[in-house]
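Reading through the structure tokens given below for one structure.
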Amino acid sequence: MKNIASAPSTSRLAIFSLVFGPANAILYWISDIYKFPIFSFYPATYRMEWGWTPTTVDDGPAMYWYGWIATALIGSTLLGLLAAFSPVAVRQKVPPAISWLIPCLLVPAMVYSLKFYWR
Amino acid sequence: MEEFFSGSAFWTFLLIAHGLLSVALLGALTHQAMAVLKSKKAGISGSPNFIRRFSAVAAPAYVNVVCVLWVLSFILGGWIYSEYRIAIRIPMEQQELFKTVGTFELKEHMAVFGLGLLPYYSYLWKNSVSTSEESARRWVTVFLAAACWYTFLAGHIVNNARGFGS
């Protein structure tokens, strides 16, 4: 563990990884709430459909979790790259605290999104 | 691989492998989180007790293994999830075990949040950091440990409610 720097790093790797985590959490939450999985998967028949598709009689229940993860990972990679290649003045304004604060704040939102089950 | 096992034995094998990886991950992250929380109180004198000994680990040494274990455990968990959706969740919903199902749904979300934090977690532990980054390192590590504990316990609860083969 080294502690010698006086200001947060603005290197591209630091900013990419800093933005990637919270962006992943936000995009995952959005894709869950607003039904934006890149694909839906039917585990009973191993069938895959692009976008959000409902459970069907022939294919059984649809799974969206894989699609939400894909949405979040692709989107957060793009946002991370955008932040990493932004001007240094912009990169300096990204606070390291968002890395853990945003996922922490989204946990109650995820709990609320599951209110159907808390009965 | 599925051809060499019966369906149930195959999924049980995957579940046990997933569980063992999770135990290792839980141990590593708990040691590391305790180390960063105790390091804030460095300088407190006193005789070494269990907590001090538990926290007195070389925290940076855990970084690579935590990342690898989280990813491997995530992949196995994701694989098992397709079987869970059919063989476990539907019967649990029919039995109206809604809180158990909800607890497991939240586990999926926590695992994804943790996965997204791994690149920054790795960066923070492997590079020189400022004071604000040091704080971020502490709380990212604590968040990962808390998420790991939650996912572990939620998986255990679901397995108790309706494990494979039950």
Side-chain angles (χ1 to χ4, degrees), chain A residues 1-9 11 13-29 32 41-46 60-66 68-69 72-73 76-77 80 95-104 106-107 109-111 113-119, chain B residues 35-36 39 58-60 63 74 78 81-87 89-90 93 96-106 108-144 146-147 150:
Chain A
M1 199 187 318
K2 302 167 225 166
N3 295 302
I4 39 177
S6 58
S9 173
S11 74
L13 179 63
I15 298 299
F16 172 82
S17 57
L18 168 56
V19 170
F20 181 85
N24 172 66
I26 292 169
L27 291 171
Y28 178 81
W29 175 68
D32 175 7
F41 177 67
Y42 293 86
T45 55
Y46 292 96
M63 275 178 63
Y64 308 112
W65 189 56
Y66 299 149
W68 294 334
I69 294 168
L73 290 182
S76 54
T77 300
I98 62 164
S99 59
W100 58 273
L101 207 52
I102 288 177
C104 281
L106 283 174
V107 171
M110 299 307 310
V111 172
S113 75
L114 296 167
K115 61 182 182 295
F116 168 81
Y117 296 106
W118 315 127
R119 50 179 161 151
Chain B
V36 290
S39 69
V63 178
F74 190 90
Y81 187 67
S82 63
E83 178 68 6
Y84 159 85
R85 184 65 185 85
I86 301 293
R89 184 169 147 177
I90 292 172
E93 285 173 341
E96 299 190 349
L97 297 172
F98 294 116
K99 288 189 178 71
T100 309
V101 175
T103 303
F104 193 82
E105 294 293 300
L106 188 59
E108 301 161 12
H109 302 333
M110 298 297 285
V112 176
F113 284 7
L115 186 73
L117 284 181
L118 292 181
Y120 196 50
Y121 161 83
S122 176
Y123 171 83
L124 289 172
W125 279 102
K126 290 179 178 174
N127 291 279
S128 306
V129 294
S130 66
T131 312
S132 58
E133 286 172 320
E134 191 183 343
S135 171
R137 178 171 62 198
R138 177 179 302 118
W139 295 116
V140 164
T141 306
V142 170
F143 180 88
L144 286 175
Y150 178 81

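Lettering follows sequence order; numbering is per chain, from 1.
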List the steps and the verdict of side-chain contact (heavy atoms from CB on, under 4.5 Å) for A:Y117 and B:E93. CA-CA 10 Å; A:Y117 296 106; B:E93 285 173 341; 4.2 Å; yes

Under 3.5 Å donor-acceptor, [X] side chain and [Y] backbone:
X      : Y      : result
A:Y66  : B:G78  : yes
A:N24  : B:L117 : no
B:E133 : A:P96  : no

Is it the backbone or the side chain of [X] that comes under 4.5 Å from a heavy atom of chain B, or both, or neither?
X      : answer
A:A62  : backbone
A:Y42  : neither
A:V107 : both
A:L106 : both

Which heavy atom of B:V140 sits nearest a heavy atom of A:S99, and at what distance?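 Answer, listing the atom of B:V140 first, then A:S99: CG2-OG, 3.5 Å.
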
For B:S82 against A:M63, the heavy-atom pair lying closest together: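 Here B:S82 and A:M63 meet closest at CA-SD, 3.7 Å.
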
Under 4.5 Å from a heavy atom of chain A, the part of B:E96 involved: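 Looking at B:E96, nothing touches chain A.
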
Residue part contacting chain A, namely of B:S122, when any heavy atom lies under 4.5 Å: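 Contact with chain A: none, neither part.
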
[atom1]-[atom2] distance between [X] and [Y], expressed to the nearest 0.5 angstrom:
X      : Y      : atom1 : atom2 : value
A:I102 : B:F143 : CD1   : CZ    : 11.5 Å
A:I15  : B:Y123 : CD1   : OH    : 8.0 Å
A:F20  : B:Y120 : CZ    : OH    : 14.5 Å
B:E108 : A:W68  : CD    : CH2   : 7.0 Å
A:I69  : B:F74  : CD1   : CZ    : 3.5 Å
B:K99  : A:W118 : NZ    : CH2   : 9.0 Å

Are the ring centres of B:F104 and A:W65 closer than 6.0 Å?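 Ring centroids of B:F104 and A:W65 are no less than 6.0 Å from each other.
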
Classify the ring geometry of B:H109 against A:Y28: parallel below 30°, tilted from 30° to 60°, perpendicular beyond 60°.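 It falls in the perpendicular class, over 60°.
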
Between B:W139 and A:W100, how do the two ring planes meet: parallel, tilted or perpendicular, split at 30° and 60°?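 Answer is tilted, since the angle falls between 30° and 60°.
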
Top of A:A44, A:P103, A:S76 for chain B proximity - count of heavy-atom pairs under 4.5 angstrom: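 Between A:A44, A:P103, A:S76, the count favours A:P103.
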
Largest heavy-atom contact set with chain B, pairs under 4.5 Å, which of A:V111, A:L114, A:L101: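 The candidate making the most pairs under 4.5 Å is A:L114.
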
Among B:L144, B:L106, B:L115, B:V112, residue most engaged with chain A (heavy-atom pairs, under 4.5 Å):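 Of the options given, most contacts go to B:V112.
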
